[in-house]
Amino acid sequence: MRCVLLSETLDLRRLFGPALAGIADRLEIVDDDGGVRPDIPLALAWKPAPDSFARYPGLRALCSIGAGADSLLACPGLPSALDIVRVVDPHQAEAMAGFVAWHVIGHQRRFADYATNQRAAAWRRLNPRRPGDVPVGLLGYGHMGRRVGAALAVLGFPVLAWGRTEPTTVDPGDPAARFHGAAGLDAMLSRSEVLVNLLPLTAETSGILDAGLFRRMRPGAYLVQVGRGEHLAETDLIAALDDGHLAGAALDVFATEPLPAHHPFWRHPGITLTPHEACEAGPEAVASTLLATSRALREGRRPPDAIDRARGY
Ligand code: NDP
């Protein structure tokens with residue numbers, strides 16, 4: 001089976017070269033030469049050219065290079081019958097857990113205050129609170145959220161988790177108190193000191209981190225935003241930080257990336273930011289997703305990590 005690399009902005013061959021070479025005996029990887037190819041059923045894609053779907057009319061599945069499928073779903077002219085496949089990489093979730101734990105511990109142990117004190121050569125002990133006194137709420141409890149929740153629980157933080165649907169079974173090993181729906185969100189917000197956004201970007205979740213949600217968070221709460229930039233109402237966050245309702249925010253994702261140099265987030269004292277680097281899917285995970293997808297297409301099955309296009313994730 002053949003798989004074409006489709007991107008206007010990234011050199012996918014360079015990014016994933018060795019991993020793709022490792023599966024070349026099972027999947028022929030083809031570069032996009034601008035021509036019409038009805039014989040290719042599979043693509044690895046990131047921001048493909050707008051005419052791609054017209055030039056590859058035989059496509060049956062489009063693989064993302066990451067955990068989220070939102071950017072592929074937003075492609076103009078995306079055929080409705082195409083399966084959109086995301087990458088589910090345990091190593092990526094592990095890296096996300098470390099990244100979130102760094103921020104949660106940074107808030108609990110007041111790392112920012114130590115940095116300020118160091119600049120003033122001030123030897124000041126801050127008597128940090130115990131992790132057990134800092135409940136962490138997770139917006140989204142899927143592949144990423146569960147790994148983050150497990151890591152935080154091992155460190156002693158009480159974990160609360162919000163999803164779209166009510167859990168149908170009780171997992172005795174699940175460390176999180178579970179919530180769902182609008183009422184569940186209110187209950188979780190009122191009980192969390194740190195809120196971590198691990199939601200996919202969908203029509204329902206876009207703009208969810210807004211003034212109304214910040215008001216329902218506890219005074220002195222801390223936000224860790226690792227979902228998508230479009231989840232956040234930026235001016236509402238600045239207002240909630242400036243009026244002292246929120247203690248701070250760690251932001252990894254932004255509506256405009258790279259974040260423009262003049263953006264107020266860069267210099268806001270309550271904000272710690274990183275350039276969308278919480279974690280990435282590994283090239284080997286991308287290659288094995290392509291293989292599993294090609295196998296499913298050959299056998300007439302739905303690819304294992306295909307998203308539900310109607311629900312958006
Ligand atoms: P999953 O699809 O595995 O999990 C999604 C979770 O979000 C599920 O628990 C789902 O609920 C919940 N959810 C979806 N819609 C709603 C809603 N309307 N209301 C309440 N809960 C909802 O996704 P992943 O965990 O793999 O990834 C989540 C997101 O993390 C990605 O889409 C991406 O945006 C972001 N991400 C960011 C990275 C970074 O570097 N900053 C790296 C990787 C991912 P339910 O369980 O009921 O279905």
Side-chain angles (χ1 to χ4, degrees), residues 46 63-74 84-103 137-152 159-171 174 176-189 192 195-210 213 223-232 249-255 257-259 272-282 285-286 289 303-313:
W46 177 256
C63 278
S64 166
I65 60 170
D70 48 290
S71 69
L72 291 184
L73 286 172
I84 306 296
V85 179
R86 73 193 192 102
V87 181
V88 179
D89 177 3
H91 297 297
Q92 183 182 20
E94 191 176 69
M96 179 65 95
F99 185 86
V100 171
W102 168 48
H103 284 299
L138 308 177
L139 294 174
Y141 200 50
H143 182 62
M144 295 290 153
R146 283 170 188 275
R147 188 65 187 81
V148 168
L152 292 172
V159 178
L160 304 93
W162 184 67
R164 192 176 60 88
T165 51
E166 185 172 7
T168 48
T169 53
V170 179
D171 171 2
D174 186 347
R178 305 288 296 274
F179 301 85
H180 69 280
L185 179 58
D186 279 348
M188 190 183 83
L189 292 175
S192 305
L195 186 71
V196 184
N197 177 34
L198 288 154
L199 287 167
L201 181 65
T202 67
E204 279 181 27
T205 65
S206 180
I208 188 169
L209 303 176
D210 65 0
L213 180 137
L223 174 71
V224 180
Q225 152 65 330
V226 283
R228 286 286 182 264
E230 293 83 349
H231 285 134
L232 177 66
L251 310 178
D252 183 57
V253 289
F254 305 90
E257 296 181 0
L259 188 68
T272 302
L273 69 80
T274 44
H276 199 149
E277 259 195 337
C279 59
E280 276 183 346
V286 172
T289 303
D305 293 317
I307 62 144
D308 177 338
R309 286 189 58 172
R311 101 193 156 165
Y313 70 99

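Numbers for residues simply follow the sequence, beginning at 1. Order of appearance sets the numbers: ligands from 1, and atoms from 1 within every ligand. Note that the coordinates shown come from a computational prediction; the quantities given were computed from them, not determined experimentally.
With a 4.5 Å cut-off on side-chain heavy atoms, Asp210 and Leu232 do not count as touching. In this structure, Asn197 and Val224 have side chains that are not in contact, with every pair of non-hydrogen atoms separated by 4.5 Å or more.
Between the side chains of His103 and Thr272, no donor-acceptor pair is found at a separation under 3.5 Å.
The protein residues lying under 4.0 angstrom from ligand 1, judged by non-hydrogen atoms, are Ala67, Gly68, Arg86, Gln92, Met96, Gly140, Tyr141, Gly142, His143, Met144, Trp162, Gly163, Arg164, Thr165, Leu198, Leu199, Pro200, Glu204, Thr205, Val226, Gly227, Arg228, Asp252, Val253, His276, Ala278, Cys279, Tyr313.
Surrounding CD of Glu280 are at most 12 heavy atoms belonging to other residues, nucleotides or ligands under 6.0 Å away.
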Criterion side chain to side chain donor-acceptor pair (under 3.5 Å) on His180 and Thr165, from CA distance to verdict:
CA-CA 6 Å; His180 69 280; Thr165 51; over 6 Å; no
Less than 3.5 Å apart, which donor and acceptor atoms pair up between the side chains of residues 303-313 and the rest of the protein, not counting sequence neighbours?
residue, atom, partner, partner atom, Å
Asp308, OD1, Ala310, N, 3.0
Asp308, OD1, Arg311, N, 3.3
Arg309, NH1, Pro79, O, 2.8
Arg309, NH1, Ser80, O, 3.3
Arg309, NH1, Leu82, O, 2.9
Arg311, NE, Tyr313, O, 3.1
Arg311, NH2, Tyr313, O, 3.3
Tyr313, OH, Arg164, NE, 2.8

